[in-house]
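Residue numbers run from 1 in the order of the sequence given. Here the structure is a predicted model, which is why all the values come from computation and not from measurement.
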Amino acid sequence: MLSNKRIQELELVMEFEKVEECFKEVSSWIENVGRKRLKETVNLDDSLEMLLQAQKKFKEFDLVASEYCKRGQEALKKMNQWEDFSFVDVHSYRVKLQTYGDQLEEFCTQLDETRHRVCETVRLYEFFDKVRQGICCTEKGVKS
């Protein structure tokens, strides 16, 4: 029985190493690209035209970022089987997984919030642009 448990532990460690490679790649992208790009969208431009350009750039980024989030989440799901094992030797791996998972969750949440904020900002600017155009048309009609 002890031998079987050790074999299972080794199999999990080997699986973790594969998953860790994925997480290192995802984590590196989040730190070196993802967070910087999210910070760029904090200050959105003042004109509708510039805002639409920013939205287009964000959508391109969002596709890539969402793919990294998906890859990270799939890797986490693979490691859910670790919950069934209570080996002391795998505790350090669980801690690493938790750290990766927290980082991934935080980034994906920020991505969702930014996506929503960009969309709502564009909708607001479009609304105000229509209102402004309506006011201009009304003023022209009154002057005539």
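- Under the side-chain contact (heavy atoms from CB on, under 4.5 Å) criterion, D112 pairs with R115, not counting sequence neighbours.
- Between L76 and G101, the shortest heavy-atom contact is CD1-CA, 3.8 Å.
- The two atoms that bring L104 and C69 nearest to each other are CD1-CA, 3.9 Å, heavy atoms only.
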Going by atom type alone, with no hydrogens or angles, which donor-acceptor pairs under 3.5 Å involve a side-chain atom of residues 20-27 and a protein atom two or more places apart or on another chain?
{"unit_1": "E25", "atom_1": "OE1", "unit_2": "R71", "atom_2": "NH2", "d": "3.1"}
{"unit_1": "E25", "atom_1": "OE2", "unit_2": "R71", "atom_2": "NH1", "d": "3.2"}
{"unit_1": "E25", "atom_1": "OE2", "unit_2": "R71", "atom_2": "NH2", "d": "3.2"}
{"unit_1": "S27", "atom_1": "OG", "unit_2": "Q103", "atom_2": "OE1", "d": "2.8"}
{"unit_1": "S27", "atom_1": "OG", "unit_2": "Q103", "atom_2": "NE2", "d": "3.2"}

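- By the rule that hydrophobic residues join a cluster once side-chain heavy atoms approach within less than 4.5 Å of another member, L63 and Y68 end up as members of separate clusters.
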- request: Report the C-alpha distance between V64 and E67 in whole Å, list the side-chain angles of each, state the deciding distance to 0.1 Å, and finish with yes or no for side-chain contact (heavy atoms from CB on, under 4.5 Å).
  value: CA-CA 5 Å; V64 175; E67 185 59 35; 5.7 Å; no
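- For Y125, there are no ring-ring contact (aromatic ring centres under 6.0 Å, His included) partners, not counting sequence neighbours.
- Hydrophobic clustering (ILVMFWY, side-chain heavy atoms < 4.5 Å, transitive): L124 and V131 are in one cluster.
- T121 approaches R117 most closely through the heavy-atom pair OG1-O, 2.7 Å.
- Residues forming a side-chain contact (heavy atoms from CB on, under 4.5 Å) with S28 (at least two apart in sequence, or on another chain): N32.
- The existence of a salt bridge linking E120 and R123 is confirmed by a sub-4.0 Å separation between a basic side-chain nitrogen and an acidic carboxylate oxygen.
- Using a 4.5 Å cut-off between side-chain heavy atoms of Ile, Leu, Val, Met, Phe, Trp and Tyr, with links allowed through other members, L111 and V33 fall into the same hydrophobic cluster.
- Looking at L48 and F128, their side chains never come closer than 4.5 Å, going by heavy atoms from C-beta outward.
- Ring geometry for F61 versus W29: interplanar angle under 30°, hence parallel rather than tilted (30 to 60°).
- Around CD of Q133, the count of heavy atoms belonging to other residues, nucleotides or ligands within 6.0 Å exceeds 12.
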Which atom pairs, one a donor and one an acceptor, fall under 3.5 Å between side chains of residues 50-60 and the rest of the protein, sequence neighbours left out?
none

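- Within the structure, salt bridge (Lys or Arg N to Asp or Glu O under 4.0 Å) pairs that include any residue of residues 28-42 comprise E31-R35, R35-E106, R37-E40 (at least two apart or interchain).
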